[in-house]
Amino acid sequence: MARVAALLASLLYMPAAHAHATLIGSEPADGAVLARAPTTVRLTFNEPVSPLIMRLVGAPGGSARELGAVAVEGQSVVVTLPELPQEAMQGTYGVSWRVVSADGHPVGGTLSFSVGTRGDFVFVSRRDVLVRDALWAGRFALYLVLFIGAGGAFFLAWAPGVSAAERIVGAALVIGLIATPLTVGLQGLDALDLPLSALDLRTAWETGLGTAYGPSALMAQFALFAGLFSLSAERIEIKRILSLGALA
């Protein structure tokens with residue numbers, strides 16, 4: 001059990017262990033005071049990224065607006081700002097960005113700059129901690145049921161006569177089949193910086209599938225289905241083939 005717990009902990013830590021995308025430069029610089037409003041903002045990262053959300057927040061009126069004119073140039077993301085009269089652009093702004101790195105992990109931040117004079121604008125992230133906690137709880141549950149379900153199905157298929165744990169293994173597989181799609185939706189919410197109440201939005205599920213986590217979740221579903229079918233198969237050869245596929 002100690003070895004299993006250590007392996008689970010290492011799997012949960014793996015996304016953090018890999019170097020996520022990091023903002024290494026920007027034009028204009030963070031906190032810069034400019035004489036005129038820029039027409040574009042360039043964000044440069046330490047690796048290629050895919051933009052998810054870009055918002056302009058601040059003056060006038062402290063409103064937030066989505067920025068749709070976004071281009072990727074190598075390791076940089078170039079955002080075109082809306083055209084407004086220069087006199088209307090006075091104040092402090094924040095470009096709230098959220099991108100997904102090569103490992104599928106979404107990262108975000110805010111680049112602030114001022115036009116004319118520095119204002120008192122402060123940006124507060126809207127990220128829902130419930131989404132973060134639910135996502136990692138769901139992933140932990142998925143890892144656990146994969147160990148119990150796929151591993152248990154393999155053991156039962158290759159150790160005939162040991163059926164006492166079949167109900168536990170079957171329950172783990174069913175729980176995993178329910179939890180896996182849910183983690184895809186939560187991944188989409190985390191990527192788009194949306195609250196837990198937005199889980200019913202189609203875009204959240206599409207975004208979750210579009211990240212690097214999407215193929216992993218599909219593979220997990222295959223493993224869980226294969227393990228579940230191996231439990232109900234009557235021929236020992238079919239049991240072993242399906243359980244081997246689940247384990248692989």
Side-chain angles (χ1 to χ4, degrees), residues 15-16 18-133 135 187-198 201 203-204 206-208 210-212:
H18 293 294
H20 298 319
T22 302
L23 184 68
I24 59 175
S26 65
E27 299 175 13
D30 188 31
V33 179
L34 311 173
R36 295 180 60 83
T39 57
T40 61
V41 169
R42 177 181 292 269
L43 305 170
T44 302
F45 297 86
N46 64 330
E47 63 178 67
V49 298
S50 299
L52 293 171
I53 300 176
M54 298 289 166
R55 295 189 183 100
L56 180 66
V57 191
S63 59
R65 59 191 301 178
E66 301 289 334
L67 301 173
V70 182
V72 177
E73 298 179 0
Q75 296 182 186
S76 297
V77 176
V78 180
V79 186
T80 301
L81 300 183
E83 294 184 7
L84 292 175
Q86 288 292 326
E87 58 271 15
M89 292 287 289
Q90 300 295 306
T92 298
Y93 293 82
V95 174
S96 173
W97 54 268
R98 197 153 179 83
V99 301
V100 61
S101 56
D103 65 357
H105 185 77
V107 293
T110 303
L111 169 70
S112 65
F113 62 89
S114 301
V115 179
T117 58
R118 192 184 303 276
D120 57 358
F121 164 75
V122 177
F123 178 79
V124 179
S125 174
R126 300 187 302 113
R127 189 181 185 193
D128 193 337
V129 294
L130 290 177
V131 172
R132 180 199 62 194
D133 294 343
L135 175 59
Q187 174 77 9
L189 293 182
D190 187 51
L192 296 174
D193 200 18
L194 293 174
L196 196 59
S197 58
L201 295 180
T203 183
E206 291 177 342
T207 301
T211 66

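Just so you know, these numbers come straight off a predicted model, no measurement behind them.
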Give, for atom [atom1] of [X] and atom [atom2] of [Y], the distance between the pair rounded to the nearest 0.5 Å.
X: T207; Y: L201; atom1: OG1; atom2: CG; answer: 10.0 Å
X: T203; Y: L189; atom1: OG1; atom2: CG; answer: 10.0 Å
X: E73; Y: L43; atom1: CD; atom2: CG; answer: 11.5 Å
X: L111; Y: L56; atom1: CG; atom2: CG; answer: 10.5 Å

Tell me the closest heavy-atom pair linking [X] and [Y], and the distance in Å.
X: T110; Y: D30; value: O-OD1, 4.1 Å
X: V131; Y: P195; value: CG2-C, 3.8 Å
X: L67; Y: P82; value: CD2-CD, 3.7 Å
X: V49; Y: A21; value: CG1-CB, 3.5 Å
X: S96; Y: V57; value: CB-CG2, 4.5 Å
X: R42; Y: S76; value: NH1-CB, 3.4 Å

Problem set entry | V41/M54 under side chain to side chain contact (heavy atoms under 4.5 Å, CB included): CA gap, chis, key distance, verdict | CA-CA 11 Å; V41 169; M54 298 289 166; over 6 Å; no
Problem set entry | From CA spacing to verdict: side chain to side chain contact (heavy atoms under 4.5 Å, CB included), D190, R98 | CA-CA 10 Å; D190 187 51; R98 197 153 179 83; 3.5 Å; yes
For this session: Evaluate the criterion side chain to side chain contact (heavy atoms under 4.5 Å, CB included) for residue pair L52 and V99; output intermediate values, then yes/no.
Result: CA-CA 5 Å; L52 293 171; V99 301; 5.7 Å; no
Exercise. Are S50 and V77 side-chain neighbours, meaning at least one heavy-atom pair lies under 4.5 Å?
Worked result: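 They are not in side-chain contact.
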For this session: Could you check if a side-chain atom of V72 sits within less than 4.5 angstrom of a side-chain atom of P48, using non-hydrogen atoms only?
Result: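 Contact flag for V72/P48 side chains = no.
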Exercise. Should the pair F45 and W97 be assigned to parallel (<30°), tilted (30 to 60°) or perpendicular (>60°) ring geometry?
Worked result: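 Because their plane-to-plane angle is over 60°, the rings of F45 and W97 count as perpendicular.
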Problem set entry | Pairing residues for T22 by the side chain to side chain contact (heavy atoms under 4.5 Å, CB included) criterion, not counting sequence neighbours |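 Partners of T22 under the side chain to side chain contact (heavy atoms under 4.5 Å, CB included) test: N46.
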